[in-house]
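Contents: one structure, followed by commentary.
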Amino acid sequence: MGEEGTGGSVHLLCLAASSGVPLFCRSSRGGAPSRQQLPFSVIGSLNGVHMFGQNLEVQLSSARTKDTTVVLFVGLEELTNIRNVERLKKELRASYHLIDSFLGDSELIGDLTQCVDCVIPPEGPILQEALSGFAEAMGIGFVSLMVSGRVVSATEGWWRLGTPEAVLLPWLVGSLPPQAARDYPVYLPHGSPTVPHRLLTLTLLPGLELCLLCGPRPPLSQLDPQLLERWWQPVLDPLRACLPLGPRGLPDGFPLHKDILGLLLLHLELKRCLFTVEPLRDKGPSPEQRRRLLRHFYALVTSTHFPPEPLDKVEDDVSRAQLPRACYLVLGPEEPGTGLRLIALQLGLRLLLLLLAPQSPTHGLRSLATHTLHTLSPLL
């Protein structure tokens, strides 16, 4: 597989490792899907580079020029043992919506953090009780409620899914076009990479979907409408209150400081995160710019300052004492009223990143972040 970026364009190319036959090519430009395709000469060159390195037992990870980046990826072994190329091409089409969403400017961040994107519903305990009761009545342990690719509530079984599938399943649901119901075969990279499970989805309200991960039973057609009505009709108002949570993440009116333009909260042990850039919509940069800034800042602080595991799991006491607890960045001159502020704060099992307006004083950033983290901690 290869990815090439030129002038705002991104191309994801998948080649058969043995023959070099193109399996698919997906493109995006400016964060949106594009019909632009790579020329056959570029595809041939990428395959030639791959084959040359393979013959020398060398793996080429990337190649750069002034305005181009080419990255090579190694696919699953199952994809290299291809018996029928045309059949595989057809099967891979089911993944196009998911692939395109990764190439585009997504509102989610689980691809970067490897944590499940979540929202905080206003009446979470009521929805959790309804979800658990419905799952028990259905005899299915893996059930969740999702809005716009984010988990609202889930059963314990769903939360115990491995990291790849726990992140990918909500992302898949959020990438698909709206439908009243679906019966979708899925392979779980961690739990079941060779035998497909069934992902059943039922739209309770536009944008709000009930998701069930199960085996051969039950058939989608045999889901009892009376059972659905029994568990979900009484909580219709709490369900409606979830609809605005897609972009916002937090209930309307949740107390956040007026300088906060965006935030990313991660629970490092549970592998869940809350990501929003819409506390204040009418101030500062666009939501797309805010997401981009927080993504870059997360990549920076996790690669240079903070360990990938919670602080209490760092075995060496000396190493733990030397780890930073907070860092901040000012974009532009460090003067009062100029330059956006970014701060990261880690306390125990949680890591919080904030994007703040220029008027927020630098000497008060840690205090603001600490107060915000204490406010959000009971929720995630």
(request) State, to 0.1 Å, how close Cys211 and Val173 come at their nearest heavy-atom pair, and which atoms those are. (result) SG-CG2, 4.0 Å
(request) Over all heavy atoms of both residues, which pair between Gly141 and Thr155 is shortest? Give the atoms and the distance, please. (result) O-OG1, 2.6 Å
(request) With the side chain counted from C-beta on, respond yes when Pro218 and Leu223 share a heavy-atom pair under 4.5 Å apart, and no when they do not. (result) yes
(message) Looking at Arg290 and Leu261, would you say the former's side chain and the latter's main chain have a donor-acceptor pair under 3.5 Å?
(response) yes
(message) In the structure I gave you, are the side-chain heavy atoms of Thr201 and Tyr184 within less than 4.5 Å of one another anywhere?
(response) no
(message) Hydrophobic cluster membership, with links at side-chain heavy-atom distances under 4.5 Å among I/L/V/M/F/W/Y: are Leu239 and Val151 in one?
(response) no
(message) Quick check for you: to the nearest 0.5 Å, what is the distance between Lys271 atom NZ and Leu266 atom CG?
(response) 8.5 Å
(request) Begin from the C-alpha positions of Leu263 and Leu376 and carry the test side-chain contact (heavy atoms from CB on, under 4.5 Å) through to its verdict. (result) CA-CA 11 Å; Leu263 67 86; Leu376 293 170; 4.1 Å; yes
(request) Report yes if the side chains of Cys327 and Val301 come closer than 4.5 Å at any heavy-atom pair, otherwise no. (result) yes
(request) Look at the side-chain heavy atoms of Ile, Leu, Val, Met, Phe, Trp and Tyr, link any pair under 4.5 Å apart, and say whether Leu205 and Leu245 land in one connected group. (result) yes
(message) I'd like to know if Tyr187 and Leu172 are part of one continuous hydrophobic network [Ile/Leu/Val/Met/Phe/Trp/Tyr, side-chain heavy atoms within less than 4.5 Å].
(response) no
(request) Starting at OG of Ser106, measure out to CZ of Phe275 and round the result to the nearest 0.5 Å. (result) 9.0 Å
(message) Would you say NE2 of His371 has more than 12 non-hydrogen atoms from neighbouring residues, nucleotides or ligands within 6.0 angstrom?
(response) no
(message) Can you tell me how far apart CG (Leu355) and CD (Gln289) are? Round to the nearest 0.5 Å.
(response) 10.5 Å
(message) Would you say that more than 12 heavy atoms from the other residues, nucleotides or ligands in this model lie under 6.0 Å from the CD of Glu288, or not?
(response) yes
(request) Compare every heavy atom of Gln346 with every heavy atom of Leu351, then report the nearest pair and how far apart it is. (result) CD1-CB, 3.9 Å
(message) Is there a side-chain contact between Leu228 and Phe134 in this structure, where contact means two heavy atoms from C-beta onward sitting under 4.5 Å apart?
(response) yes
(message) Would you say that Leu342 contacts Leu356 through its side chain, given a criterion of any heavy-atom pair below 4.5 Å between the two side chains?
(response) no
(request) Please report the shortest heavy-atom distance between Val330 and Tyr328, naming the atom on each side. (result) CG2-CE1, 3.8 Å
(request) Report yes or no: does Ser192 contribute a side-chain atom to a donor-acceptor pair with the main-chain N or O of Leu188 at less than 3.5 Å? (result) no
(request) Could you check if a side-chain atom of Leu264 sits within less than 4.5 angstrom of a side-chain atom of Leu354, using non-hydrogen atoms only? (result) no
(message) Looking at Leu270, is its backbone amide N or carbonyl O close enough to the side chain of His267 to form a donor-acceptor pair, meaning the two atoms are under 3.5 Å apart?
(response) yes
(message) Can you tell me how far apart CG (Leu274) and CG (Leu379) are? Round to the nearest 0.5 Å.
(response) 8.0 Å
(message) What's the separation between atom CZ in Arg198 and atom CZ in Arg182, rounded to the nearest 0.5 Å?
(response) 14.5 Å
(message) Could you work out, with side-chain contact (heavy atoms from CB on, under 4.5 Å) as the rule, every residue matching Pro219, not counting sequence neighbours?
(response) Arg217, Ser221, Gln222
(message) Is the terminal nitrogen or CZ of Arg150 (NZ for Lys, CZ for Arg) located under 6.0 angstrom from the six-membered ring centre of Trp171 and within 45° of that ring's axis?
(response) no
(message) So which atom in Leu353 and which in Ala344 form the shortest heavy-atom distance, rounded to 0.1 Å?
(response) CG-CB, 4.1 Å
(request) Can you measure from CG (Asp183) to CG (Leu212) and round to the nearest 0.5 angstrom? (result) 10.5 Å
(request) With sequence neighbours excluded, tell me which residues meet side-chain hydrogen bond (donor to acceptor under 3.5 Å, both in side chains) with Trp232. (result) none
(message) Whether the side chain of Asp117 engages the backbone of Ile109 through a donor-acceptor N/O pair (distance < 3.5 Å, no angle test) should be reported.
(response) yes
(message) Under 3.5 Å, is there a donor on one side chain and an acceptor on the other for Gln128 and Ser132?
(response) yes
(request) May I ask you to check whether over 12 heavy atoms, not counting those of Gln179, lie within 6.0 Å of atom CD? (result) yes
(request) Please say which of Leu145, Leu204, Thr203 ends up in a side-chain contact (heavy atoms from CB on, under 4.5 Å) with Glu209. (result) Thr203
(request) For residues Glu107 and Val277, determine if any side-chain heavy atom of one lies less than 4.5 Å from a side-chain heavy atom of the other. (result) no
(request) Treat each ILVMFWY residue as a node, draw an edge where side-chain heavy atoms are under 4.5 Å apart, and state whether Leu293 and Leu329 are in one component. (result) yes
(message) With side-chain contact (heavy atoms from CB on, under 4.5 Å) as the criterion, how do Leu213 and Val186 come out once you've worked through the C-alpha distance, each side chain's angles and the decisive distance to 0.1 Å?
(response) CA-CA 9 Å; Leu213 188 64; Val186 292; 3.9 Å; yes
(request) For Ser303 and Leu300, indicate whether the former's side chain and the latter's backbone hold a donor-acceptor pair under 3.5 Å. (result) yes
(request) Under the side-chain hydrogen bond (donor to acceptor under 3.5 Å, both in side chains) rule, collect the residues that match up with Arg350, sequence neighbours excluded. (result) none
(message) Restricting to non-hydrogen atoms, name the atom on Leu208 and the atom on Cys242 that form the minimum distance, rounded to 0.1 Å.
(response) CD1-CB, 4.2 Å
(message) I want to check something: taking the side chain as every heavy atom from C-beta on, are Val147 and Val119 in contact at a cut-off of under 4.5 Å?
(response) yes
(message) Would you say Thr163 and Gln114 are linked by a side-chain donor-acceptor pair, where the criterion is simply a distance under 3.5 Å?
(response) no
(message) Set out, in order, the CA-CA distance, both residues' side-chain angles and the distance that settles side-chain contact (heavy atoms from CB on, under 4.5 Å) for Cys214 and Leu200, then state yes or no.
(response) CA-CA 8 Å; Cys214 59; Leu200 308 183; 3.8 Å; yes
(message) Please tell me whether Leu347 and Leu380 are part of a single hydrophobic cluster in this structure, the criterion being side-chain heavy atoms less than 4.5 Å apart.
(response) yes
